[in-house]
Amino acid sequence: MKLKSPEPFWLVKDGLKHSYPSLRENIETEILIIGGGITGSLLAHQMIKDGYKTVLVDRREIGNGSTSATTSMLQYEIDVPLFELSKMIDKKGAEKSYWACYDSIDDLQKVAQEVKSDCGFKKKESLYFAAFKKDVDDLKKEFEARKSAKFPVKWLSADEIKKKFKIENTFGGILSDQGGSIDAFCLAHDVLHYNHKKGLQIFDKTDIIKFDYKKNGVTATTEYGNTIKAKKVIFCNGFESTEIIKDKFVNLLSTYAIVGEQHEKSHKELNDLLVWNTAEPYIYMRTTDDNRILIGGEDEEFVDAQKRDSLLLDKEKKLVKKLDKYLPENNFRTDFVWAGTFGETKDGLPYIGEHPNFPSAYFVLGFGGNGITFSVIGMEMASAFLKGKKHELTKYFRFRR
């Protein structure tokens with residue numbers, strides 16, 4: 001009997017790469033990082049590189065939160081189009097945010113190479129196509145905005161998209177040179193393993209239930225009463241940050257993804273491409289490094305995990321139907337179907353920096369479709385903060401903006 005996996009593809013593919021102990025003593029450190037996913041791993045990498053004594057903790061196994069459910073698409077495009085973001089904040093800030101995401105893809109490649117990760121990092125083009133005829137005018141505005149900002153983009157007609165990529169039923173789109181894909185679960189483990197050997201202390205299955213914030217440091221207490229005293233704490237816990245920050249700063253959504261079985265037919269037209277569209281919610285597609293097609297989307301408001309997971313079968317059917325619409329010759333057979341929870345901000349931008357209610361703390365919270373690239377930006381920003389330096393993106397990524 002062939003069963004579909006209810007677990008994220010990456011968890012099954014990679015297995016348990018590395019495990020770490022839970023905290024069983026009282027310790028002191030300079031930097032405490034909360035969250036052992038891709039964001040926490042990258043921040044730990046930066047902190048060790050900067051010479052700080054660093055401790056990282058996670059309430060689960062390493063990487064088993066949102067990092068295990070991500071589709072691991074690396075995009076410089078923010079969920080809010082550039083021409084709209086320019087109106088929401090300002091043109092300068094919008095372009096700087098897009099360029100920071102653009103550069104972060106190359107920076108992430110350097111990290112993967114440095115730690116000798118086998119995460120399958122691959123540079124790719126990115127296609128953003130019009131799902132409906134009514135979307136074309138705005139998509140052409142977006143194309144002009146990117147071209148004006150000097151991003152390497154081309155406009156492709158529907159016929160050109162069909163000829164080049166065998167994707168049907170589009171109404172034209174923007175092809176960008178910059179993009180990439182990885183296995184983020186694998187990379188997070190590889191980055192942490194590399195830095196663990198350099199002195200990073202890692203404790204998983206360690207749930208912090210209390211923080212005592214003071215101007216000269218933070219004391220974190222675990223569910224078993226052990227304490228971690230740190231000069232600074234960096235929260236890299238994504239949507240779970242809503243458990244401690246009472247501001248209404250992010251909307252939680254459920255997203256769904258499916259991966260097809262390995263296929264003897266090459267997906268050569270798609271292997272060097274990321275795909276997403278203008279639908280609301282949008283769909284996104286990529287291939288994996290073992291010749292499978294991954295498609296995700298069908299987002300909706302997050303209620304609770306039980307409600308989210310009860311929709312898996314229905315969402316799978318809808319995603320397969322959309323895949324058949326755009327890739328009618330794919331002969332897709334689902335092997336994995338899963339759901340994840342992520343956050344959506346009012347302007348598509350992350351929250352990186354201090355919060356007035358939490359002394360001695362920084363937050364690196366990358367939400368939306370390019371949370372991984374935001375995490376890379378967070379490495380640079382957190383490094384600057386700790387050195388007392390200003391960063392040009394702080395005012396755009398701050399809380400209560």
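Atoms considered below: every heavy atom in the structure, side chains included; atoms not considered: hydrogens, waters and symmetry mates.
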> For atom NZ of Lys92, is the number of surrounding heavy atoms from other residues, nucleotides or ligands below 6.0 Å larger than 12?
Replying inline: no
>> I'd like to check the ring pair (Phe, Tyr, Trp, His ring centres under 6.0 Å) partners of His193; sequence neighbours left out, ordered by chain and number.
In response: His18
> Should we count OH of Tyr224 as having more than 12 external heavy atoms under 6.0 Å?
Replying inline: no
> Does the side-chain contact (heavy atoms from CB on, under 4.5 Å) test come out yes or no for Leu327 and Met285, once each step is laid out?
Replying inline: CA-CA 11 Å; Leu327 296 173; Met285 293 189 293; 4.0 Å; yes
> Between the side chain of Ser41 and the main-chain N/O of Leu192, is any donor-acceptor distance below 3.5 Å?
Replying inline: no
> Should we count CD of Glu301 as having more than 12 external heavy atoms under 6.0 Å?
Replying inline: no
>> Students often mix this up, so state it plainly: with edges at 30° and 60°, are the rings of Trp338 and Phe9 parallel, tilted or perpendicular?
In response: parallel
>> Can you confirm whether Pro356 sits close enough to Arg400 that some side-chain heavy atom of one is under 4.5 Å from a side-chain heavy atom of the other?
In response: yes
> Does a side chain donor of either Tyr282 or Asp79 reach within less than 3.5 Å of an acceptor in the other side chain?
Replying inline: yes
> Among all residues two or more places apart in sequence or in another chain, which pass the ring pair (Phe, Tyr, Trp, His ring centres under 6.0 Å) test with Phe302?
Replying inline: none
> Do Ser97 and Tyr396 have side-chain atoms, one donor and one acceptor, less than 3.5 Å apart?
Replying inline: no
> Got a salt bridge between Glu240 and Arg60, using NZ or NE/NH1/NH2 to carboxylate O under 4.0 Å?
Replying inline: yes
> When you check the gap from the basic side-chain N to the acidic O, do Asp314 and Lys317 get nearer than 4.0 Å?
Replying inline: no
>> Please give me the minimum heavy-atom distance between Val57 and Ile208, naming the atom from each residue.
In response: CG2-CG1, 4.1 Å
>> Are Ile295 and Tyr284 packed together at the side-chain level, in the sense that at least one heavy-atom pair is separated by less than 4.5 angstrom?
In response: no
> Are any of the side-chain nitrogens in Lys49 or Glu114 under 4.0 Å away from the carboxylate oxygens of its partner?
Replying inline: yes
> Quick one: do the Thr287 and Asn271 side chains pair a donor with an acceptor below 3.5 Å?
Replying inline: yes
> If you draw a 6.0 Å radius around NZ in Lys13, do more than 12 non-hydrogen atoms from other residues or ligands fall strictly inside?
Replying inline: yes
> Donor-acceptor pair, Lys389 side chain versus Leu386 backbone, under 3.5 Å?
Replying inline: no
> Stepwise, does the side chain to side chain donor-acceptor pair (under 3.5 Å) test hold for Lys205 with Ser22?
Replying inline: CA-CA 5 Å; Lys205 298 181 291 296; Ser22 60; over 6 Å; no
> Which atom names give the shortest non-hydrogen contact between Gly172 and Leu139, and what distance separates them?
Replying inline: O-CD2, 3.9 Å
> Looking at CG of Asn169 and CZ of Phe132, how far apart are the two atoms once the value is rounded to the nearest 0.5 Å?
Replying inline: 11.0 Å
>> Here's one to test your reading of the geometry: is the NZ or CZ of Arg401 within 45 degrees of the ring axis of Phe249 and under 6.0 Å from its centre?
In response: no
>> Let me confirm one number: the OG1-CG distance from Thr67 to Asp183, rounded to the nearest 0.5 Å.
In response: 10.5 Å
> Does the pair Asp106/Lys110 count as a salt bridge with the N-to-O cut at 4.0 Å?
Replying inline: no
> Can Ile245 and Phe363 be said to form a side-chain contact (heavy atoms from CB on, under 4.5 Å), step by step?
Replying inline: CA-CA 10 Å; Ile245 300 175; Phe363 293 83; 3.5 Å; yes
>> With rounding to the nearest 0.5 angstrom, report the OH to CG distance, Tyr256 to Asp299.
In response: 9.0 Å
>> Test side-chain contact (heavy atoms from CB on, under 4.5 Å) on Thr206 and Arg59; report intermediate values, then the result.
In response: CA-CA 5 Å; Thr206 298; Arg59 59 170 51 161; over 6 Å; no
> Are the ring centres of Phe358 and Tyr213 closer than 6.0 Å?
Replying inline: yes
> With a 4.0 Å cut-off, would you call Asp272 and Lys122 a salt bridge?
Replying inline: yes
>> Do Thr288 and Asp290 pair up side chain to side chain, a donor and an acceptor below 3.5 Å, judged on atom types alone?
In response: yes
>> Please enumerate all residues that pass ring pair (Phe, Tyr, Trp, His ring centres under 6.0 Å) together with Phe185, with sequence neighbours excluded.
In response: His189
>> Are there over 12 heavy-atom neighbours, none belonging to Glu280, within less than 6.0 Å of that residue's CD?
In response: no
>> How long is the straight-line distance from OG1 of Thr345 back to OH of Tyr351, given to the nearest 0.5 Å?
In response: 5.5 Å
> What pair of heavy atoms forms the shortest contact from Lys124 to Leu273, and how long is it?
Replying inline: CD-N, 3.7 Å
>> Are more than 12 heavy atoms, taken from residues, nucleotides or ligands other than Lys140, located less than 6.0 Å from that residue's NZ atom?
In response: no
>> Using the rule given for side-chain contact (heavy atoms from CB on, under 4.5 Å), can you reason through Ile62 versus Leu56, listing the C-alpha separation, both sets of side-chain angles and the distance that settles it, and then say yes or no?
In response: CA-CA 10 Å; Ile62 291 298; Leu56 178 145; 3.9 Å; yes
> Can you check whether Ala184's main-chain N or O pairs, donor with acceptor, with Ser72's side chain at less than 3.5 Å?
Replying inline: yes
> Can you tell me if Ser117 uses its side chain to pair, donor with acceptor, with the backbone of Ala112 under 3.5 Å?
Replying inline: no
>> Minimum heavy-atom separation for Ala94 and Ile89, please, with both atom names.
In response: N-CD1, 3.5 Å
>> Does either side chain, that of Thr29 or that of Gln201, offer a donor lying less than 3.5 Å from an acceptor on the other one?
In response: no
> Can you check ring-ring contact (aromatic ring centres under 6.0 Å, His included) on Phe151 and Trp99, steps first, answer last?
Replying inline: CA-CA 8 Å; Phe151 288 103; Trp99 273 112; 4.1 Å; yes
> Counting heavy atoms not belonging to Gln306, are there more than 12 under 6.0 Å from its CD?
Replying inline: no
>> Quick check: closest heavy atoms across Leu274 and Gly180, and the distance to 0.1 Å?
In response: CD1-O, 3.4 Å
> In terms of side-chain geometry, is the basic nitrogen of Glu329 or Lys166 positioned less than 4.0 Å from the acidic oxygen of its partner?
Replying inline: no
> Can you tell me if NZ on Lys198 sees more than 12 non-hydrogen neighbours from other groups inside 6.0 Å?
Replying inline: no
>> Can you confirm if the aromatic rings of His196 and Tyr20 lie within a centre distance of less than 6.0 Å?
In response: yes
> Do the side chain of Glu28 and the main chain of Lys229 share a donor and acceptor less than 3.5 angstrom apart?
Replying inline: no
>> If the threshold is 4.0 Å, N to carboxylate O, is there a salt bridge linking Asp335 and Arg292?
In response: yes
> Of the options Gln178, Arg146, Glu142, which is the one that meets Glu77 in a side chain to side chain contact (heavy atoms under 4.5 Å, CB included)?
Replying inline: Arg146
> Step by step, would you call Lys318 with Glu300 a salt bridge (Lys or Arg N to Asp or Glu O under 4.0 Å)?
Replying inline: CA-CA 13 Å; Lys318 289 180 177 178; Glu300 62 175 62; over 6 Å; no
